[in-house]
Student: 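Quick one: this structure, given as structure tokens, is what I'll be asking you about.
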Amino acid sequence: MGLPFIDLAAQQARIRQDVDQRIAAVLSHGAYILGPEVKELEVALAERSGATHVISCSSGTDALVLALLGLGLRPGQGVIVPSFTFAASAEAMAVLGSVPVFAEIERSTYNLDPDGLPSALAAAHAQNIEVVGIMCVGLFGQPADITRISAFADKHGLWVLDDAAQSFGSTWKGRQAGTLGRVTATSFFPAKPLGCYGDGGAVLTNDDSIAKIAVSCRVHGQGRDKYENERIGMTARLDTIQAAILLSKLSIFDDELAARQQVADQYETLLGGKVTTPLLAADATSSWAQYVIQLPDGADRQAIQDRMGSKNIPTAVYYPRPMHTQPPYLHYPVAQDGLSVTERLASSVLALPMHPYLTPEQQEQVADALMSSL
Ligand SMILES: *Cc1c(COP(=O)(O)O)cnc(C)c1O
């Protein structure tokens, strides 16, 4: 049997008894929707991150939509977003009738390039689109350069929404993801660093008014009670059972983050100088959602993946097609200087197995298979 790309079974074996007990407790009290575990989780995540408000919800995508509703984003308004990201980042604004404005990333960190922001803003203005905010993404676990992105945002009167679906657990200058932008969205999809056993997500913010709107929109825009509808919302609650599972996973999260850092360090030892390994910014720690290398120019990625696959080493590509090249997004503005770094990375990145339970021996197998497949 080959080694797994992400090993959720090893994690489950570690916490199975606790998870079983917590699920049994939910079955006993029967409050399946917004039960006590949901509140307990929100309090625990607030304590962990330092965010005043944590609003759990049904997915990372819904967390992004709730955050955008909380920010008061209106149809036709533009939001700067990287093109090199998971579809949900740009989709969340597009589904609200707003306009993703695609910006360039840094080659070294894969994250929004602060130097590329003026070119994205100019592209929107050239089409008479009013830009109101920036969505940065902590891709592969590392937060974007929030210091410089916030400075640009402040100068232009924009808000910053941090898509931390992959980067919850990371820090920037010692501050936890969840407090870096005006509002943060994260995901508890099973394969994320902190995942449940289904779909889930959360909105984190210190802003009372964003929190109030997110709480309301999570349940059909409810007001003081269920049958008073103050605004148009959605149904976007986190299941109590998923909150119970997350409480169990949260108890080992810091330990797993440390293990992921060790795995990343070991990869750097094995591969540094041979392929382009991921770079952490000096101000960042990463939750290492993925370990993504860059293949040499001209390398045949598919052939390398096939050769590694034949040695039972799974690999993946995040993301082969940038958002601005996907049919439903073709008409949205793209930074005036173009997105050459984005396009180059889309064809050269390769994700290696990454999870907290990867052993040094398994990593050697991965490295050997990679080096002999290049
Ligand atoms: C996974 C992910 C999302 C969406 O989360 P879901 O829980 O799958 O809806 C959003 N943005 C990024 C960057 C992601 O990786």
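Bear in mind the structure is a predicted one, so any value in this text is a computation, not a measurement.
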Student: Hydrogens and angles aside, do Gln11 and Lys249 bring a side-chain donor and acceptor to less than 3.5 Å of each other?
Tutor: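 There is such a pair between these side chains.
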Student: Taking the side chain from Gln363 and the backbone from Val263, do they hold a donor-acceptor pair closer than 3.5 Å?
Tutor: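 Side chain of Gln363 to backbone of Val263, a donor-acceptor pair under 3.5 Å: yes, one is there.
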Student: Can any side-chain N or O of Ser372 pair as donor or acceptor with the backbone N or O of Asp368 at less than 3.5 Å?
Tutor: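 A pair under 3.5 Å: yes.
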Student: Transitively linked via ILVMFWY side-chain contacts under 4.5 Å: Trp172 with Trp288?
Tutor: no
Student: Take a 6.0 Å sphere around CZ of Arg148 and say whether it holds more than 12 heavy atoms from other residues, nucleotides or ligands.
Tutor: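 More than 12 within 6.0 Å, yes.
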Student: If you round to the nearest 0.5 Å, how far is OH of Tyr291 from CD of Glu268?
Tutor: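 So the gap between those two atoms works out to 5.0 Å.
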Student: NZ of Lys311: more than 12 outside heavy atoms within 6.0 angstrom?
Tutor: yes
Student: Under 3.5 Å, is there a donor-acceptor pair linking the side chains of Glu104 and Thr342?
Tutor: yes
Student: Could you tell me whether Lys212 and Asp208 have a side-chain N and a carboxylate O separated by less than 4.0 Å?
Tutor: no
Student: Pair Ile245, Arg22 - check side-chain contact (heavy atoms from CB on, under 4.5 Å), show working.
Tutor: CA-CA 7 Å; Ile245 291 161; Arg22 289 178 188 270; over 6 Å; no
Student: Give the intermediate values and the outcome of side-chain contact (heavy atoms from CB on, under 4.5 Å) for residues Leu73 and Trp159.
Tutor: CA-CA 10 Å; Leu73 180 66; Trp159 44 253; 4.2 Å; yes
Student: For the residue pair Leu238 and Leu246, establish whether any side-chain heavy-atom pair is separated by less than 4.5 Å.
Tutor: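 Touching, per the 4.5 Å side-chain cut-off.
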Student: Does any part of the side chain of Leu158, heavy atoms only, come nearer than 4.5 Å to the side chain of Val79, both counted from C-beta?
Tutor: no
Student: Can you tell me how far apart OG (Ser287) and CD (Glu256) are? Round to the nearest 0.5 Å.
Tutor: 11.5 Å
Student: Would you mind reporting whether Leu112 and Leu117 have side-chain heavy atoms less than 4.5 Å apart?
Tutor: yes
Student: Around atom CD1 of Ile232, are there more than 12 heavy atoms from other residues, nucleotides or ligands closer than 6.0 Å?
Tutor: no
Student: Can a salt bridge be assigned to the pair Arg107 and Asp113 using a cut-off of 4.0 Å between side-chain N and carboxylate O?
Tutor: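 Judged by the 4.0 Å cut-off on N to carboxylate O distance, Arg107 and Asp113 do not form a salt bridge.
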Student: Do any side-chain atoms of residues 302-309 form donor-acceptor pairs under 3.5 angstrom with protein atoms, and if so which ones, sequence neighbours left out?
Tutor:
unit_1: Gln302; atom_1: NE2; unit_2: Asp306; atom_2: OD1; d: 2.9
unit_1: Gln305; atom_1: NE2; unit_2: Thr315; atom_2: OG1; d: 3.0
unit_1: Arg307; atom_1: NE; unit_2: Ser373; atom_2: O; d: 2.9
unit_1: Arg307; atom_1: NH2; unit_2: Ser373; atom_2: O; d: 2.7

Student: Is the closest side-chain heavy-atom distance between Gln362 and Tyr357 below 4.5 Å?
Tutor: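 No, side chains not in contact.
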Student: Where do Asp7 and Ala10 come nearest, in terms of heavy atoms and distance?
Tutor: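 For Asp7 and Ala10, the tightest heavy-atom pair comes out as OD1-N, 3.0 Å.
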Student: I'd like to know if the side chain of Thr85 reaches the main chain of Pro82, judged simply by a donor and an acceptor atom lying under 3.5 Å from each other, with no hydrogens or angles considered.
Tutor: no
Student: Just how far is it from atom CG of Asp199 to atom CG of Asp239, taken to the nearest 0.5 Å?
Tutor: 9.5 Å
Student: Test your reading of the model: is there a side-chain donor-acceptor pair from Asn111 to the backbone of Leu139, 3.5 Å cut-off?
Tutor: yes
Student: Taking the side chain as everything from C-beta on, heavy atoms only, tell me whether Asp207 gets closer than 4.5 Å to Val183.
Tutor: no
Student: Looking at CG of Asp145 and OG1 of Thr109, how far apart are the two atoms once the value is rounded to the nearest 0.5 Å?
Tutor: 8.0 Å
Student: Determine whether Cys217 and Arg231 make a side-chain contact, defined as any pair of heavy atoms from C-beta on separated by less than 4.5 Å.
Tutor: yes
Student: The test is side-chain hydrogen bond (donor to acceptor under 3.5 Å, both in side chains); show your working for Glu37 and His29 and say whether it passes.
Tutor: CA-CA 11 Å; Glu37 286 82 356; His29 68 55; 2.9 Å; yes
Student: Compare every heavy atom of Ser49 with every heavy atom of Ala177, then report the nearest pair and how far apart it is.
Tutor: O-CB, 3.9 Å
Student: Looking only at atom types and distance, does a side-chain atom of Gln142 sit under 3.5 Å from a main-chain N or O of Ala281, one as donor and one as acceptor?
Tutor: yes
Student: I need the full list of ring-ring contact (aromatic ring centres under 6.0 Å, His included) pairs touching residues 73-111, with sequence neighbours left out, sorted by first then second residue.
Tutor: Tyr110-Phe140
Student: Please give me the minimum heavy-atom distance between Lys226 and Gln222, naming the atom from each residue.
Tutor: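 In terms of heavy atoms, the two residues are closest at CA-OE1, 3.7 Å.
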Student: Where the side chain of Glu40 meets the backbone of Ala244, is there a donor-acceptor pair that is under 3.5 Å apart?
Tutor: no
Student: Closest approach of Pro4 and Pro314, non-hydrogen atoms and distance?
Tutor: C-CG, 4.1 Å
Student: If you measure from CE on Met93 to CG on Leu71, what distance do you get to the nearest 0.5 Å?
Tutor: 10.5 Å
Student: Do Tyr32 and Val19 share a hydrophobic cluster (ILVMFWY, side-chain heavy atoms under 4.5 Å, transitive)?
Tutor: yes
Student: Charged N to carboxylate O under 4.0 angstrom, Arg344 versus Asp297?
Tutor: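 Answer for the salt bridge query: yes.
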Student: Would you indicate whether Gln17, at its atom CD, is surrounded by more than 12 heavy atoms from other residues, nucleotides or ligands within a distance under 6.0 Å?
Tutor: no
Student: Does Arg218 pair with Glu42 as a salt bridge, N-O distance under 4.0 Å?
Tutor: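 Between Glu42 and Arg218 there is a salt bridge, with a charged N closer than 4.0 Å to a carboxylate O.
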Student: Between Tyr329 and Val99, is there shared hydrophobic-cluster membership here, with clusters defined by ILVMFWY side-chain heavy atoms closer than 4.5 Å?
Tutor: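 Yes, it is one cluster - the side chains of Tyr329 and Val99 are joined through contacts under 4.5 Å.
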Student: Sort and list the pairs that fulfil ring-ring contact (aromatic ring centres under 6.0 Å, His included) and have at least one residue in residues 204-259, not counting sequence neighbours.
Tutor: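 Those involving residues 204-259 do not exist here.
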Student: Before you tell me yes or no, could you show the steps for Thr179 and Leu204 under side-chain contact (heavy atoms from CB on, under 4.5 Å), namely the whole-Å CA-CA distance, both residues' side-chain angles and the distance that decides it to 0.1 Å?
Tutor: CA-CA 7 Å; Thr179 61; Leu204 302 93; over 6 Å; no
Student: Looking at side-chain heavy atoms only, is the closest gap between Thr285 and Leu257 below 4.5 Å?
Tutor: no
Student: Kindly determine whether Leu352 and Ile313 satisfy side-chain contact (heavy atoms from CB on, under 4.5 Å), including the steps that lead there.
Tutor: CA-CA 8 Å; Leu352 304 180; Ile313 304 295; over 6 Å; no
Student: Using side-chain heavy atoms (C-beta onward) and a distance below 4.5 Å, is Gln242 in contact with Arg237?
Tutor: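 They are not in side-chain contact.
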Student: Are the side chain of Asn206 and the backbone N or O of Thr52 linked by a donor-acceptor pair below 3.5 Å?
Tutor: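 Flag set: sc Asn206 to bb Thr52 pair under 3.5 Å.
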Student: Is it the case that the side chain of Ser119 and the backbone of Gln336 share a donor-acceptor pair, with hydrogens and angles ignored and the cut-off at 3.5 Å?
Tutor: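 Here the side-chain-to-backbone pair exists.
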Student: Where the side chain of Thr61 meets the backbone of Ala88, is there a donor-acceptor pair that is under 3.5 Å apart?
Tutor: no
Student: Quick one: OG on Ser150 to CZ on Arg182, what's the gap to the nearest 0.5 Å?
Tutor: 10.0 Å
Student: For the backbone of Phe168 and the side chain of Thr186, can you confirm whether one donor and one acceptor N or O come within less than 3.5 Å of each other?
Tutor: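 No: the side chain of Thr186 does not pair with the backbone of Phe168.
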Student: Under a 4.5 Å side-chain heavy-atom rule over Ile, Leu, Val, Met, Phe, Trp and Tyr, are Val137 and Phe152 clustered together?
Tutor: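 Shared cluster, no.
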Student: Are side-chain N/O atoms of Asp265 and Gln261 paired as donor and acceptor at under 3.5 Å?
Tutor: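 Asp265 vs Gln261: donor-acceptor pair found between side chains.
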